[in-house]
Amino acid sequence: MQPSIYVPPPGSGYGSPGAPAPDPVRRPGGQKPEIGRVFNETMQEFMRDLGPYALAGLGFMVVAMGLALVIMLLYGAVIMVAVIADSANQASGGSGEAMSALVLVGMSVGIIGLVLVLSVVSAAFYASLLRGIAAHQRGEAALGFGTAFSTARQRLGASVGVTVAVMTLSVLGALFCYVPGLIVAFLLLLASPLVMLHGLPVGAALRRSAREVRSDLGWYLRFFLVYLLVTMVAQYVPVIGPMFPIALLVRVYREIAGDGPEPVLPSG
């Protein structure tokens with residue numbers, strides 16, 4: 001399939017100050033890129049547009065910090081209620097050990113639940129960020145502080161649904177010596193972009209991601225290891241660092257699934 005030359009649509013923002021240069025082609029999909037090449041392309045584009053990526057990362061960080069603050073306040077309330085309940089139980093002559101164990105379990109369940117809520121709520125903003133980066137790479141619009149908010153309501157239910165599904169399956173897998181959790185994350189690598197960028201239903205995205213990854217385990221394993229390494233290193237660079245692995249994932253996904261209305265995966 002010959003790629004078509006990409007021409008930015010009128011009113012897209014291309015050509016205005018801060019707008020990105022257009023991608024030479026709209027990615028047709030259906031092929032897995034050479035990992036070194038796509039990594040270098042992403043790095044060049046990332047360094048060229050460091051300012052816009054930093055603004056988008058700052059916007060997403062503000063969201064994450066706000067949600068984290070809410071979680072901390074809620075967790076503090078959970079601890080306070082637990083301490084008060086434990087003190088009241090001991091004052092009334094109840095079983096201190098049993099109550100302390102119950103409080104510990106309650107606190108553990110509470111923090112896990114709050115972290116899950118944080119991740120689910122942030123799914124909408126992450127989806128908006130993915131769509132903004134994809135549009136930026138195609139030259140359709142510039143990244144900015146509001147990128148994480150601009151399309152947060154778009155496919156909201158599906159974005160939250162796929163996040164819940166991937167997290168739940170990964171956590172369940174991690175309970176069995178951690179490695180199964182990594183295997184689940186590996187097989188579902190493309191699930192979130194399939195939902196957030198191409199609008200697939202959650203169940204279909206999970207199945208197609210697993211089928212596509214299994215179709216070429218060697219290539220996907222190499223990319224997954226690179227992606228994990230880049231993600232771990234990027235966490236040490238505030239604001240701008242976490243944006244690079246997202247940009248890399250988006251570019252690789254576009255090479256694999258294409259920029260058309262429907263994903264064109266090599267496995268069919």
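Note that this is a predicted model, so its numbers are computed, not measured. Only heavy atoms go into these numbers, but all of them, side chains included; no hydrogens, no water, no symmetry mates.
Leu229 and Ile35 sit in two unconnected hydrophobic clusters of ILVMFWY residues. Membership requires side-chain heavy atoms under 4.5 Å apart, directly or through other members. Note on Met43: it clusters hydrophobically with Leu225, by side-chain heavy-atom contacts below 4.5 Å among ILVMFWY residues. Both Val38 and Leu228 belong to a single network of hydrophobic side chains, linked directly or stepwise wherever heavy atoms of I, L, V, M, F, W or Y lie under 4.5 Å apart. Under the 4.5 Å side-chain heavy-atom criterion for ILVMFWY residues, a single connected hydrophobic cluster contains both Met196 and Leu265. The cluster map of Ile, Leu, Val, Met, Phe, Trp and Tyr, joined by side-chain heavy atoms under 4.5 Å apart, puts Phe60 and Tyr236 in different clusters.
Ser159 and Ala123 get closest at one heavy-atom pair: O-CB, 3.8 Å. Taking all atoms of both residues into account, the shortest heavy-atom contact from Ala185 to Ser170 is N-OG, 4.1 Å. When all heavy atoms are compared, the tightest approach of Val195 to Ala205 is CG2-CB, 3.5 Å. For the pair Val162 and Val202, the tightest heavy-atom approach, listed with the atom from each and the gap, is N-CG2, 3.7 Å. Residue Tyr53 comes nearest to Ala247 through the heavy atom pair OH-CB, 3.7 Å, listed as atom of the first residue, atom of the second, then distance. The two atoms that bring Ala124 and Ala152 nearest to each other are CB-O, 3.4 Å, heavy atoms only.
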- Item | Test log, rule side-chain contact (heavy atoms from CB on, under 4.5 Å), inputs Ser209 and Leu194 | CA-CA 8 Å; Ser209 176; Leu194 281 168; 4.3 Å; yes
- Task: Step by step, work out the side-chain contact (heavy atoms from CB on, under 4.5 Å) result for Leu129 and Met243.
- Result: CA-CA 9 Å; Leu129 191 62; Met243 296 295 290; 3.8 Å; yes
- Item | Pair Arg208-Leu200, side-chain contact (heavy atoms from CB on, under 4.5 Å): steps then yes or no | CA-CA 10 Å; Arg208 292 194 69 175; Leu200 262 62; 3.7 Å; yes
- Query: Yes or no on side-chain contact (heavy atoms from CB on, under 4.5 Å) for Val226 and Arg222, after CA distance, side-chain angles and deciding distance?
  - Reply: CA-CA 6 Å; Val226 170; Arg222 290 194 299 274; 5.7 Å; no
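In terms of modelled atom types and a separation under 3.5 Å, the side chain of Thr42 and the main chain of Leu248 share no donor-acceptor contact. Under the 3.5 Å distance criterion, the side-chain polar atoms of Arg254 are left unmatched by any main-chain donor or acceptor of Ala134. No donor-acceptor pair under 3.5 Å is formed between the side chain of Arg131 and the backbone N or O of Leu197. When atom types are taken as modelled, the side chain of Ser128 and the backbone of Thr147 share a donor-acceptor pair closer than 3.5 angstrom. Although no hydrogens or angles enter the test, the distance criterion places no donor-acceptor pair under 3.5 Å between the side chain of Glu140 and the main chain of His136.
With Leu188 as the fixed residue, the side-chain contact (heavy atoms from CB on, under 4.5 Å) test singles out one of Val166, Ile183, Val213: Val166.
Ring planes of Tyr253 and His198: tilted class, angle from 30 to 60°. Ring geometry, Phe46 versus Phe244: the interplanar angle exceeds 60°, so the pair is classed perpendicular (tilted spans 30 to 60°).
Here the side chains of Tyr227 and Val252 are not in contact, with every heavy-atom distance at 4.5 Å or above. Side-chain contact between Phe223 and Leu189 is present, with at least one heavy-atom pair separated by less than 4.5 Å. Between Pro266 and Ile256 the shortest side-chain heavy-atom distance falls below 4.5 Å. Using a 4.5 Å heavy-atom cutoff, the side chains of Glu212 and Tyr220 are in contact. You'll find the side chain of Leu143 stays beyond 4.5 Å of the side chain of Leu55, heavy atoms only.
Using a 4.0 Å cut-off between charged nitrogen and carboxylate oxygen, Arg37 and Glu255 count as a salt-bridge pair.
Under the side chain to side chain contact (heavy atoms under 4.5 Å, CB included) criterion, Phe149 pairs with Val63, Phe125, Phe145, sequence neighbours left out.
Taking CZ of Arg48 as the start and CD of Glu45 as the end, the distance is 5.5 Å to the nearest 0.5 Å. For the atom pair Ile133 CD1 and Gln137 CD, the distance stands at 7.0 Å (nearest 0.5 Å).
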